[in-house]
2 protein chains.
Amino acid sequence: MNNSECDVCEQLCEHPQAICRARSEALADEDARELAETFKILGDTTRVKILQILSRCELCVCDIAAVVGMGQSAVSHQLRLLRGARLVKYRKEGKMVLYSLDDDHISMLLAQGIEHIKHR
Amino acid sequence: MNNSECDVCEQLCEHPQAICRARSEALADEDARELAETFKILGDTTRVKILQILSRCELCVCDIAAVVGMGQSAVSHQLRLLRGARLVKYRKEGKMVLYSLDDDHISMLLAQGIEHIKHR
DNA sequence: CCATTATATGAATATATGTTCATACGTTTA
DNA sequence: TAAACGTATGAACATATATTCATATAATGG
C-alpha cells in the first residue's frame, strides 16, 4: 500500500502473513484520515440534529438554532464545520442564508447510522 | 417531539411554521446523542483503519497493531471503544483475542463514507 | 446614511479525547 | 508454579473540541 513492503512482518508477535495481507488491503493513510474527518464531523449531537433537520427541509440559521435549541453563534460555528466537510450547502436569500444537505448521500449516511443504533 | 409543544415558535426571529414543523420531525434528543456517539467513534483515523482492516478479515490485537503501526496498548484502548459502540465483536482463541466487525452493516457505513470522500 | 436584522468569526474557556507508560490479568508452556 | 506471552486497563499528559461572548460583516428598510 505505502512504500513499506511488509518490512514489519518478520519482527512482530504473530501471523506475518495475515499482517502482510491486511497491509496490502489497508486504506491509504490519507484516505483514512479524510474518512475519519468526515465521521468526526458527524460525531456531535448538535450537528447530527442539524443534519437530520436539514434532511427534511431547507432552513435559515435562525430557525435551525431555534429547532436545536442553541444560540445562533454556536449553530453558525457548527454550520461552518458542516460546510467544510461538504455535508451541507447554502444559498443566500436577502439577508438570510438557507442551508440544506449537500446531497442525498448524506441522508443515506444518517439513515445507515440510525439503523445501527436502532438495531438493538 | 419532546414535551415542548412549539412553545418557542412565537418568540424567535423568523418562520414559526418552519420551526414548528422541523421540531415535530426532529430526532429525539436521546437518538441524536446515540447517533452522534456512533459517528464519533468512527471519527478517528486509527479506528477507521482498524475497522477497514477488520472488514477484510478477522485479526488478533497484535496483528492489528502491526498493520496500523501503533502500540498494542493504544490499539487495545481503541478496540474497547469500538466494542462499546458495537462496531466490532471478538472471540478468544487461547491467549489471543480475535476481532472482527460486529456485522456487515458496519462495512456499509464505511463504504458509504468512502464514497463521500471519493465523490470529489 | 443610519438603524436594524441575519449571519459569521475570533478569542477564551471548559471539557473531551488519544496516546504513552506502567502494570495487571489470563492463558499457555516449561 | 514460574515464566512467557497476548491482551486489558488506569493514570497522566498533551491536544482537540464545543460553546459563549463580543464584535464584525452584509443586506435591508427608513
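Chain letters run A, B, ... following the sequence lines, proteins first, then strands; residues in each count from 1.
For the pair B/R91 (side chain) and B/L98 (backbone), a donor-acceptor distance under 3.5 Å is absent. Within the 3.5 Å criterion, the main-chain N or O of A/C57 finds no donor-acceptor partner in the side chain of B/R21. A donor-acceptor pair is defined here as one N or O able to donate and one able to accept, closer than 3.5 Å; no such pair exists between the side chain of B/R33 and the backbone of A/D44. A side-chain donor-acceptor contact under 3.5 Å links B/R86 to the backbone of A/H116. A donor-acceptor pair is defined here as one N or O able to donate and one able to accept, closer than 3.5 Å; no such pair exists between the side chain of B/R47 and the backbone of B/L42. Distance alone, capped at 3.5 Å, places no donor-acceptor pair between the B/S107 side chain and the B/D103 backbone.
One finds no salt bridge joining B/R23 and B/E25 here, because no Lys/Arg side-chain nitrogen approaches an Asp/Glu carboxylate oxygen to under 4.0 Å.
Between B/R80 atom CZ and C/dA24 atom C1' the separation is 14 Å, expressed in whole Å. In this structure, the CG atom of A/L98 is 8 Å from the P atom of C/dT7, given to the nearest Å. Atom OH of B/Y99 is separated from atom P of D/dT7 by 9 Å (rounded to the nearest Å). Between B/Y90 atom OH and C/dG26 atom P there is a gap of 13 Å when expressed in whole angstrom units. A/M96 places its CE atom 12 Å from the C1' atom of D/dA27, with the value rounded to the nearest Å. Remark: P of C/dT27 and NZ of B/K95 are 12 Å apart, rounded to the nearest angstrom. A/Q78 places its CD atom 14 Å from the C1' atom of D/dA16, with the value rounded to the nearest Å. Between A/M70 atom CE and D/dT20 atom C1' the separation is 9 Å, expressed in whole Å.
Residues A/R83 and A/Y99 have side chains that bring a donor and an acceptor to within less than 3.5 angstrom of each other.
Of the residues in residues 39-55 of chain A, those with a non-hydrogen atom less than 4.0 angstrom from any atom of DNA chain D are A/K40, A/D44, A/T46, A/R47.
Along DNA chain D, the nucleotide nearest A/E37 and the nucleotide nearest A/E93 are compared for position; the residue whose nucleotide lies closer to the 5' end is A/E37.
In this structure, A/L82 is a member of the same hydrophobic cluster as A/V97, with clusters built from ILVMFWY side-chain heavy atoms closer than 4.5 Å.
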Grab the N/O contacts between the protein and nucleotides 21-23 of chain C below 3.5 Å, and write none if there aren't any.
unit_1: C/dC21; atom_1: N4; unit_2: B/S73; atom_2: OG; d: 2.6

